[in-house]
Amino acid sequence: MDTMAAIRETFFQECEEQLGELEVGLNAMEEGVADSETVNAVFRAVHSIKGGAGAFKLDRLVRFAHTFETSLDLIRAGQLATSPTVMRTMLRSADLLADLVKASRSDHPVDEARVDAQIAELKALSEDVKEAPTEANAGGGGADGLDFQPVLLQLDDFGETEPQAARYAIKLIPAPDLYRKGNETVRLLRELSRMGEFRVECDTRHVPMLDALDPEGAYFGWRVELTTSEDEAAIHELFEFVVDDCELEIVVDRAGPAVAPEASAPAAAEPIAPLVAAPAFVAPVAPAPAEPIEAVAAATATVVEPDKAKVEAAKPDAAASLATIRVDLERVDRLINLVGELVINQAMLSQRVLEAGLARSSSVAAGLGALEQLTREIQEGVMAIRAQPVKPLFQRMSRIVRELTDATGKIVRLRTEGEATEVDRTVIERLADPLTHMIRNAVDHGVERPEVREAAGKPAQGEVKLSAAHRSGRIVIEVSDDGAGINRQRVREIAIKKELIAPDAQLTDGEIDNLLFMPGFSTAQTVSNISGRGVGMDVVKRSIQALGGRITIASRPGHGSIFSMSLPLTLAVLDGMVVKVADQTLVVPLTAIVETLRPKAGDVHALGVNARVISDRGGFAPLIDVGQELGYRRDAADPVGSVVLVVETEVSTRCALVVDAIHDQRQVVIKSLEANYRQVPGIAAATILGDGRVALILDIDTFVARTNRSGAGQESLLAAVG
Amino acid sequence: MSMTILTVDDSRTMRDMLKVALMEAGYRVIQAVDGQHGLEVLEQETPHVIITDINMPKLDGFGFIENVRRDQRYLGIPILVLTTESSPEKKNLARRAGATGWIVKPFDSAKLVDVVRRVAA
């Protein structure tokens, strides 16, 4: 059934949200936040998952959620203290719950032993509480003499009633406040009348005098004779909700009047005189009159006209959760693509108008300006559809830290910042692996063991911080730790041993730190089974680069390290500088460009036969002729008279790219070269320009690396990285 | 005219399930995401029956029912609570707050509709 499948999908989405809430709440509790709102939210999250799981018969999930919920309820009731041990059990239970949700969603098997072990652990906590003499269930018990048991009893007592018609004598005397809970004798009688042959008598003897009469009270008693083939349990079920608010007697009368056993309903608070055979009023039939109900409806006639829009306006945040729709990702991507085309078309149009020699002040140009503005807004709006907060991603990391602390014996706390920062969904998805690796590294290699930390005068508990922020059109994600920092001496030794650098290489601290990103590099004394899984920081770096981002390290011995990633907000557009090289148009990503220069003769120096460098900010940057490198021309152009773009590569090394001229600086829509042609080293992608021509987008890092391989470069470090 | 039922539940899954079951039975369904929102929806429209969850943020089911019962405008509207298990304690609390009856989760559609029909005018 399609609807059910859709609701099931909703359920799992909601589970993800609930698991997020759970994690946040438990982390807050672990840090000592114990306000009832937090504890309630945590309880509610598990309770909700259990409720939904029950609806889909996910029994394993229900069973575990139930045990978990029971323990949380004890915390909520203040009977179980949130000690570190208890909180660890709760957090681990949350992890397991997340795994069970995932397994249920994909119908994958789960480790039953792990579930049983966790259930045992939770039960042990609950049992400790039960042994203490607290009134665990006194909360709402029978404080006013209400007890629910009767209903359960009734269902069991009359299990094997034959479907033969039987006659019942039913006596019903409502308690005066029956109506206040929304129950109505008239409806009960209506339901009884539907069950078979029905006769009813009304007893008005209990109606008080007018001055003592509560107009909302129930004063009529009823006596019903019912002949039906339904069993007695069905009759009792009808009275399920009123059994505590009335005196009820149901007598099976198979062979004439028999003395029936006392019905199981408990007596109402005040004793009511037995009904006598002389009724004051006899109602002949049943289909219960509708008047009383309508009277009630009339009493509530202050009905405001339904106005959905008003409801939503009045309740912005609740409305928001109701006013969301789910859309296929494919449709969103199609829209993004179309808007991309629109951007290109709009740019083309602008260019044509410009070429046609229309003045900028002309109405056509003004209209185009407005169109450009609108196009940009549409584009931003569409991009925002794909954007999601990094929160769920960050939440996953706290679990990793937890598991690592269990495995390593280190005490580490994860602090997160900027969880609400939004990024393109694909960026988030593809960040998960590199981020996981970096977090593992921070705990495993960064933070020291407690005794080491204490010896160094630091708190035993280390901290790993994960933050996200928007910075000039990009998202910056940082993973930092307050550990020992990078052991540069050791990094250098390893690099020499692995022949990554020459033994006498002169490297700055930054360059040494960047050696970590070289393929096959591992600083761990022993390859641990935590971060040493055959992937190193080089893989992390490549993943970040593939997303159009870059990663940098900063480290201070004794104080820790910061890994900083700068990523584009979206993968669909790019801010680029459009340049001209040997009659070809190319796009250079703006993020890579540090500055643009028009070199004078004195700035350029020859180095060897082919190579030239340019003096730049007190240093020298190798000059690379883009046209020559890409094969557009045989000989390099004279840098003097050309334009030089100083770019920074991932390893923070500067290069100077020689181009003929700068055309424009604009956003370009990225068209995959791999999908449309094939991968070309040095080229990231292509775009379509305003005039309809295809322009290649340079990939600065691979382009520079490629130059080095072809012998133009001088930097040994660069060559090694390539 | 078909009867209108207000469902108050913070879980989208539950709201969806209630809506599907009730709509298939011919009822019109309006929704609220918590007790507080439920009271606001009631300002706009008076339903024939209310079905509410108990555990909800902002204003829980008990508080919601008490508020509704205090208000003369909503006199006599049947209120059914959704409870996860047939715990007498929860039911009694709900009854004391003024609930008409209860529906035990997980429910099947037929049972849900049957209970609603029983209490509906």
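Letters A, B, ... are given to chains in the order of the sequence lines, protein chains preceding strands, and every chain is numbered from 1.
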Side chain, backbone, both or neither: which part of A:L188 has a non-hydrogen atom closer than 4.5 Å to chain B? neither
Turns out that what part of A:N183 lies under 4.5 Å from chain B's heavy atoms comes down to both
Counting only heavy atoms closer than 4.5 Å, note whether A:R8 contacts chain B via side chain, backbone, both or neither. neither
Name, in order of residue number, those residues of residues 55-64 of chain A that have a heavy atom at a distance of less than 4.5 Å from a heavy atom in chain B; otherwise write 'none'. A:A55, A:F56
Is there side-chain contact between B:P78 and A:R187, with at least one heavy-atom pair below 4.5 Å? yes
Under 3.5 Å, side chain of B:N55 to main-chain N/O of A:R44, donor-acceptor pair present? no
Under the rule for side-chain contact (heavy atoms from CB on, under 4.5 Å), what residues qualify as partners of A:A77, not counting sequence neighbours? A:Q79
Where does A:S48 contact chain B at under 4.5 Å (heavy atoms): side chain, backbone, both or neither? side chain
Closest heavy-atom pair and its distance - B:W102, A:F241: N-CE2, 3.1 Å
Just do the side-chain contact (heavy atoms from CB on, under 4.5 Å) check on B:K105 and A:K50 with the steps written out, would you? CA-CA 10 Å; B:K105 289 191 280 189; A:K50 186 179 94 171; over 6 Å; no
Closest heavy-atom pair, B:T13 versus A:F11, reported as atoms and distance to 0.1 Å, is OG1-CA, 3.0 Å
In residues 109-121 of chain B, what donor-acceptor pairs under 3.5 Å come from side-chain atoms, sequence neighbours left out?
| residue | atom | partner | partner atom | Å |
| --- | --- | --- | --- | --- |
| B:K111 | NZ | A:E237 | OE2 | 2.5 |
| B:D114 | OD1 | B:R117 | NH2 | 2.9 |
| B:R117 | NH1 | A:E191 | OE1 | 2.9 |
| B:R117 | NH1 | A:E191 | OE2 | 3.3 |
| B:R117 | NH2 | A:E191 | OE1 | 3.4 |
| B:R118 | NH2 | A:E237 | O | 3.0 |
| B:R118 | NH2 | A:E240 | OE1 | 3.2 |

Answer yes or no: is there a side-chain heavy-atom contact under 4.5 Å between A:D245 and B:R95? yes
Cut-off 4.5 Å, heavy atoms of chain A, and the answer for B:L80 is side chain
Shortest non-hydrogen separation from B:D10 to A:E14 and the atoms involved: O-OE2, 3.7 Å
Residues in salt bridge (Lys or Arg N to Asp or Glu O under 4.0 Å) with A:E9, at least two apart? A:R105
